[in-house]
Structure formats: C-alpha cells, structure tokens
Amino acid sequence: MAKQTIRVGYLPIIDHLILGITKQKQDTQSIEKPFEHAQLDYQQKFGWNEVGGALLKGEIDLAFMLAPYAMDLYFAKKNLKLLLLSHRDGSVIVANKSANVTSFQDFKGKMVLIPYQSSMHHILLHKKFTEEGITVGIGKDVMTEVVAPGQIPMMIEYDTAGDIAGYIVAEPFGTQVVNKGMGTVLNLSKDIMPNHPCCAVVARDEIVEKYPEAIQEIITSFVQSGKLFTSTPKAGIAIATKFLNQPVEVMTAIVEDPNQRVSMDKLMPKPEEFEFMQNYLIDTVSTPALSGKIEVDKFVDLRFATAAGAE
C-alpha cells in the first residue's frame, strides 16, 4: 500500500520539537515502527506568515503554528482543523542589556518585540504589563513591533542605541541572546500563566477527511514524542540540537532548567482555552488582534488526540 505524503510546515523553535522527535524515531526506526499510511515531508519555514500562507495555498498539508493565528485563518477560510497542542509554556520575556532594562518599569517609552499579533505571546505580554501598571499600544507606555522569532536575536544585537527594551519569544531565541551576554530573562511565560497553550498542530480539512489513517498515526506519534521528551530529556537535548540547529549549551540550558520551561506531555486541546484566547485578543487588548470570533467546537477536532491517548 502506497503511503500518503503529508507536507508539514514548522519553525525551528522548541515549541515544535515533537516533530523533530518523530522525525528521529522514523529515521532510525529504533523505538517506533515505520508509518504504514503516512510519509512526512518536513518543510522548515522562517516566519509565521510563511507558515500560514503555505497552509492556505495548499503548499503544505499540516502545520505547527500559533493557535490564535490558526483561529484567524479559520475565521477567513473555515477549511482547517486544530488537532493537537504541540507544547505548553516554553517562552520567555528577555530584557535588552543595551537598553539598560532591569525591570518591567524600564520598558516604558521603548519598543518591545513580539513574534506575532495573533499569538499567545501578545496575551502574555499584555497580561504581565497590565499587572505592572504598564499600558500597551499606540500612544501608550509601550509599543509593540512584530519580528519573526529567528530574527529577534539579530535585532537585539544591532540595537546599540537601546531603542528596544526587550521581547517575548519562544525558545531557543531567549536563551540564545542571554548566553551571548546581550539579554536577561525577566520572566518565564509559565510564571505569567502556568500551563498555557501556545502552538498547535493544524491541518487542512481536505487532508483530515481524505487520509484519516495517516493523520491518526502522525498524531499518535506526536503524542508519544511529547511523552518521550518528558521521560528522557537528555535525548531531547540531542535531537533539539540537530533539529533546531542550535548549540548544545543553549538547548541544555533550556531543557535542564529546574524551572521546567517547556512541557510536552499534556497536549490535549481544551476548547475553553481557545475561547479565552479569542476573547482576550478581541475584547481586552487595545487594538483587536483577531479578525473575529469563531465557533471553537467546529475548529477543534479532538478525535485524533483522544485516540492517541493525549492528556
């Protein structure tokens, strides 16, 4: 029986590491049997618009992407299904040393970088700044600017004038800057909102309905990859170093942090979390960051995660 090729888009961030673990398992076939129905075609992207555009154009079939951004795409096209979370927690707020920022109050009057407006990062940053009495938006205490995750370290490196106060981003682009002596971690995202979702596994409806066996074995492998990362973090470091093309010391600092920066063992999507996201990004932030509200139950498809034993 011929295997169906499933083209999957992702960014080189720790949020998408379960894909790298599945790739390692399939490449070596050491602890997982070969897929019977699916063959993965891994397509690394470098920005969220690139991921979303490829998904809408049908250039990829499945994507690891920001859950709120996926909701916005669903609002526009209604041809997607969210099948699984890819992680929980995992991001950091980093202060730029060149800007002499040592506390959140020092962010006032400066720019802060975020990876996307339609993101959990936007929610987390807004929530933290609100708690600190800092307003966010045009004409307010702090302005945000969207920069692709992989470009943020370069922005900090060349900001010798200290115009950028700091940023919030997925790892490894927080620890990467800290290890180079250019930044300081002010907050882990899990300390702002423990166990928060962020990125999810999203697929085109056509693929889900046409190839359910292939989708099921992929989702099952992702769930097992998350549990493998949790039980054997040192193996996760080795895979992440290669899959994300990062120095081993950067990945070691992230994975072996006693604060457990990122988790991958509880990947079951919870509809109420997506309701919260859309309500916050439309009703709470100063400028709505989503086009409109969706019917979450029609967007989130729990069949495959449930069959995979996701928690």
Side-chain angles (χ1 to χ4, degrees), residues 13-15 48 66 68 88-198 250 253-254 257-262 276-277 279-290:
I13 55 178
I14 201 165
D15 299 1
W48 292 117
L66 301 164
R88 288 184 180 273
D89 304 324
S91 290
V92 291
I93 297 179
V94 175
N96 180 9
K97 283 190 175 182
S98 294
N100 297 315
V101 173
T102 59
S103 72
F104 285 103
Q105 295 304 316
D106 295 334
F107 275 75
K108 290 182 178 179
K110 294 181 180 292
M111 183 72 67
V112 59
L113 308 181
I114 62 174
Y116 210 73
Q117 290 287 351
S118 303
S119 68
M120 194 67 195
H121 303 89
H122 189 174
I123 295 173
L124 292 162
L125 188 75
H126 187 278
K127 186 175 185 298
K128 181 61 181 178
F129 279 178
T130 300
E131 291 170 356
E132 296 285 336
I134 301 169
T135 58
V136 185
I138 298 174
K140 299 186 183 295
D141 293 333
V142 172
M143 289 272 291
T144 60
E145 181 175 338
V146 172
V147 176
Q151 294 178 344
I152 287 178
M154 182 180 65
M155 293 282 288
I156 297 300
E157 183 176 356
Y158 289 104
D159 180 38
T160 55
D163 296 324
I164 301 170
Y167 60 95
I168 182 170
V169 75
E171 293 285 18
F173 301 117
T175 297
Q176 188 181 96
V177 167
V178 171
N179 278 16
K180 289 182 178 180
M182 298 185 299
T184 305
V185 172
L186 288 186
N187 238 154
L188 302 182
S189 62
K190 64 178 291 184
D191 295 332
I192 302 170
M193 191 179 297
N195 205 38
H196 69 79
C198 182
V250 169
I254 296 165
D257 187 331
N259 293 308
Q260 296 181 319
R261 294 191 179 195
V262 61
F276 165 78
M277 289 181 199
N279 290 340
Y280 200 106
L281 288 171
I282 291 176
D283 300 333
T284 304
V285 298
S286 57
T287 302
L290 293 177

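One-based numbering along the sequence shown.
Side chains of Y167 and I156 form a contact here, defined as non-hydrogen atoms less than 4.5 Å apart. Side-chain contact check for V169 versus V94: every heavy-atom pair is 4.5 Å or farther apart. Contact of the P68 side chain with the Y116 side chain is not registered, since no non-hydrogen atoms from C-beta on lie closer than 4.5 Å. For the pair I164 and L113, the minimum side-chain heavy-atom distance is below 4.5 Å. Within the 4.5 Å cutoff, side-chain heavy atoms of F276 are placed close to those of M193. Contact annotation: the side chain of E171 never approaches that of D15 to less than 4.5 Å [non-hydrogen atoms, C-beta and beyond]. Between Y280 and K127, some side-chain heavy-atom pair lies under the 4.5 Å cut-off.
The CG atom of D89 lies 8.5 Å from the CG atom of L188; values are rounded to the nearest 0.5 Å. Between atom CG of residue L124 and atom CD1 of residue I192 there is a gap of 5.0 Å, rounded to the nearest 0.5 Å. For the atom pair I14 CD1 and T175 OG1, the distance stands at 8.5 Å (nearest 0.5 Å). For the atom pair M120 CE and R88 CZ, the distance stands at 9.5 Å (nearest 0.5 Å). Distance CZ/F104 to CG/L125: 8.0 Å, rounded to 0.5 Å. A distance of 4.0 Å separates CG of L66 from CH2 of W48, quoted to the nearest 0.5 Å.
Judged purely by atom type and a 3.5 angstrom limit, Q105 uses its side chain to pair as donor or acceptor with the backbone of E132. A donor-acceptor pair under 3.5 Å is formed between the side chain of K110 and the backbone N or O of G162. Without hydrogens or angle criteria, T144 side chain to V112 main chain gives no donor-acceptor distance under 3.5 Å.
Taking both residues in full, the closest heavy atoms of P153 and P149 are given as CD-O, 3.5 Å, listed atom of the first, atom of the second, then distance. Shown here for P197 and M277, the closest heavy-atom pair between the two residues is CG-CE, 3.3 Å. Residue A289 comes nearest to S118 through the heavy atom pair O-OG, 2.5 Å, listed as atom of the first residue, atom of the second, then distance. Across all their heavy atoms, G133 and D141 have their closest contact at O-OD2, 3.9 Å. When every heavy atom of A165 is checked against every heavy atom of V101, the shortest pair comes out as O-CG2, 3.6 Å.
Classified by interplanar angle (parallel below 30°, tilted 30° to 60°, perpendicular above 60°), the ring pair H126/H122 is perpendicular.
Residues meeting the side-chain hydrogen bond (donor to acceptor under 3.5 Å, both in side chains) test with D163, sequence neighbours left out: none. Remark: D283 pairs with K293 by the side-chain hydrogen bond (donor to acceptor under 3.5 Å, both in side chains) rule, at least two apart or across chains. Take E157 and apply the side-chain hydrogen bond (donor to acceptor under 3.5 Å, both in side chains) test, not counting sequence neighbours, and it matches no residue. Among residues two or more places apart in sequence or in another chain, the side-chain hydrogen bond (donor to acceptor under 3.5 Å, both in side chains) test is passed with N195 by none.
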Exercise. Evaluate the side chain to side chain contact (heavy atoms under 4.5 Å, CB included) criterion for residues I138 and M143: first the C-alpha distance (whole Å), next the side-chain angles of each, then the deciding distance (0.1 Å), finally the verdict.
Key: CA-CA 6 Å; I138 298 174; M143 289 272 291; 4.2 Å; yes
Quiz prompt | Verdict with reasoning, V146 to I114, per side chain to side chain contact (heavy atoms under 4.5 Å, CB included) | solution = CA-CA 5 Å; V146 172; I114 62 174; 4.1 Å; yes
Quiz prompt | Worked check of side chain to side chain donor-acceptor pair (under 3.5 Å) between S91 and R261 | solution = CA-CA 7 Å; S91 290; R261 294 191 179 195; over 6 Å; no
Exercise. Just do the side chain to side chain contact (heavy atoms under 4.5 Å, CB included) check on V142 and F129 with the steps written out, would you?
Key: CA-CA 9 Å; V142 172; F129 279 178; 3.8 Å; yes
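Within the structure, side-chain hydrogen bond (donor to acceptor under 3.5 Å, both in side chains) contacts touching residues 176-191 (residues at least two apart or in different chains) are K128-N187, Q176-Q246, S189-H196. Contacts classified as side-chain hydrogen bond (donor to acceptor under 3.5 Å, both in side chains) and involving residues 93-102 (residues at least two apart or in different chains) are given here: N96-D159, T102-D106.
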